[in-house]
Structure formats: structure tokens, C-alpha cells
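Order of listing sets the numbers, starting from 1, for every ligand and every atom in it. By convention here, the first residue in the shown sequence is residue 1.
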Amino acid sequence: MFNINRNYELAENEGSSLQTGNKYIVLHETTNIGAKANASYFKNNWATTQTYVQYVIGDGGKIYQVGADGYQAWGAGSYANANSPVQIELARTTDKATFKKDYATFVNFARSKAKQYGIPCTLDGSGNGIKTHKWISENIWGSHTDPVESYLEPFWGITHEQLTHDIAVGIEDVVEPKKTFTNINNVVTTLKGNVKAYATYKLDGSANSTTDIAPGTGWISAGIEMINGEPQYCIGGNIYIPQSITTFKDKVLINSDIPVHAVNLKGEVVGANLDGGSAWKYAAVVNVPKVGYCYKIATDMYLPLKYAQGSGYKG
Ligand SMILES: [Zn+2]
């Protein structure tokens, strides 16, 4: 699931040979730019600086391994070092697109390592869990305030509350875009059915008495809203048509040419990637907490509306 670059991994005889307890995953930020540069620095200076961690993440979602999982790293004081099988540094960047990939990987990788070691995906709570270096400073030892106060919040507006939420549920768009969304198709076509015209609706659910539309006609959708209990496409100012009168009547088509992820009812990313352009039958439309309305495409598998053709989503 994650690609790990091992070019700067410590050798068998480098770093600590002491194994850790499994209480914490510790989150840091490097204070300077570039994951590769930081991983290389750790590799070449661990002995003189007495500082390194297991992973450095950055450069557009890349993951560099330095120390070994389950063996002490030197990043957060003796107690935290002895009880954290994994400590992770987020490298800085000034580029927004790079940051988005870095942050998603940072969060999802920390969650993955926590699960591997039976550590709760709870940020800075009492007991075991994922901890900011600041929490370690305030509750165990040290003075560092990373990664939120020093970087995430002042540079990118990611508050402690936001990080806590993201650590709890993961970041949905975990797939690293090899390219940006293209071939977005927001055209919806009414069924050819045996009718003269279809009614259209307003956002409040009432019918637009003067704006009926013909069967077999195509419309550009600006978005999807839940109206009268079903998804309806916005085809003009306060003019909506039900999905059930279109060729998307009983299916959704993924609107991108790159894979996307579905979520479960808790809003967590689940399952394999769904191919761009693929078609899915859906059983219902469900409001998933913190994600919003989603098509139910399998048992406990929900596709956010924005990934459907006709959603108006532009990537
Ligand atoms: Zn730190």
C-alpha cells in the first residue's frame, strides 16, 4: 500500500539495538524543507547528533525509512523513544500540491503503523495512541512543540482539531494523483422513455411548473443535491432533475481517469481503488458522517457523490 524508499536506512550496526514498547506513534516535523534531504542528514549524522527517527515523509508523499520499526529512535526523549515503535517526521514544503500529498501520507501512514502495533488512532488523548511531539513535551519530557504549532497550523491552517479528526478517520484522497483529474464528465442525459416531458424541481422540492425538459436530451450538471429523498442534478439556476430520469438511473460512473477510494459508514477509506471511469450499481444514497452523501455500492462501501459523473466536481 505504501512505497518505502530505503536509500537512507540505517545499517544493522547503526542506531539503537534496543527494542521498544508499543505505546505511541510520535509525530514530528523537520523544520526544514525536503524529505530526502532530511533522511540523508539522519543517515549521515545520527551518531554525532544522536538524532534520527524511523521515517521521514515529504517531497510529494514520499516515505523514507531511516531507523528500523520496533527499535528505538532518538527523537523525543528516553521514555518516548523506548515506547514508540515508530516516530515520523513530516518534511516542510512551500508548495501546496506537494503539501497535500505529504499531509495525506503522513496521516494515513501514521494510522497504518498504529494499527500494525495495536496502538489506537487517537491523537494526544490519555493513554496509548498517536502523539504529537508537543504532547510528549507537555506530558513526559522535552520542549519541542512540533508538528502543529511549528508548521501545520501557521503554514497550512491545519489545527490540532483538524489533525485529531484526520488521525481518527484517515484522509480519503489517499491515492497519489499521478496526474490531475481529467475527462470529467458532467453531462447527464434524460431517458428516452415514453413520456412527452419530464418535470424539473427546485431545491425546496417543489416542481418548476414552467420548466419541463424533453426525453433523450443532454444537460451539463453543476452539482448534485438531495431533493425529495433522491439525488438530483442541477442543470440551471434552481432547476434540478432527478437522477432516476437519466441514464444514470441505477448506476454511478466514476468521474476521473485516476482511481478513487470508497469509504465505510464511519468515513474510513476501505477496499481497493475504484478505477476511473468504472460503473457501479448503487442500492441507496446515504449520509456518511464527516464525508457527506455517498452512493452505497457494496456492503459497507460508499462512494462520495463528488466522484460520480454529473456531480459537477472538477477535481
Ligand atoms: Zn519533534
Quiz prompt | the Zn ion (ligand 1) to nearest N/O/S of D146 less than 2.8 Å | solution = yes
Quiz item: Got an N, O or S from H144 under 2.8 Å of the Zn ion (ligand 1)?
Solution: no
Quiz item: Just by modelled atom types, is the I119 backbone N or O under 3.5 Å from a matching donor or acceptor in the N22 side chain?
Solution: no
Strictly by modelled atom types, are [X] and [Y] linked by a side-chain donor-acceptor pair under 3.5 Å?
X: D69; Y: Y55; result: yes
X: N38; Y: N32; result: yes
X: Q162; Y: Y103; result: no

Exercise. Output the atom name for the N/O/S atom of H28 with the smallest distance to the Zn ion (ligand 1).
Key: ND1
Quiz item: Tell me, which N, O or S atom in H133 is closest to the Zn ion (ligand 1)?
Solution: ND1
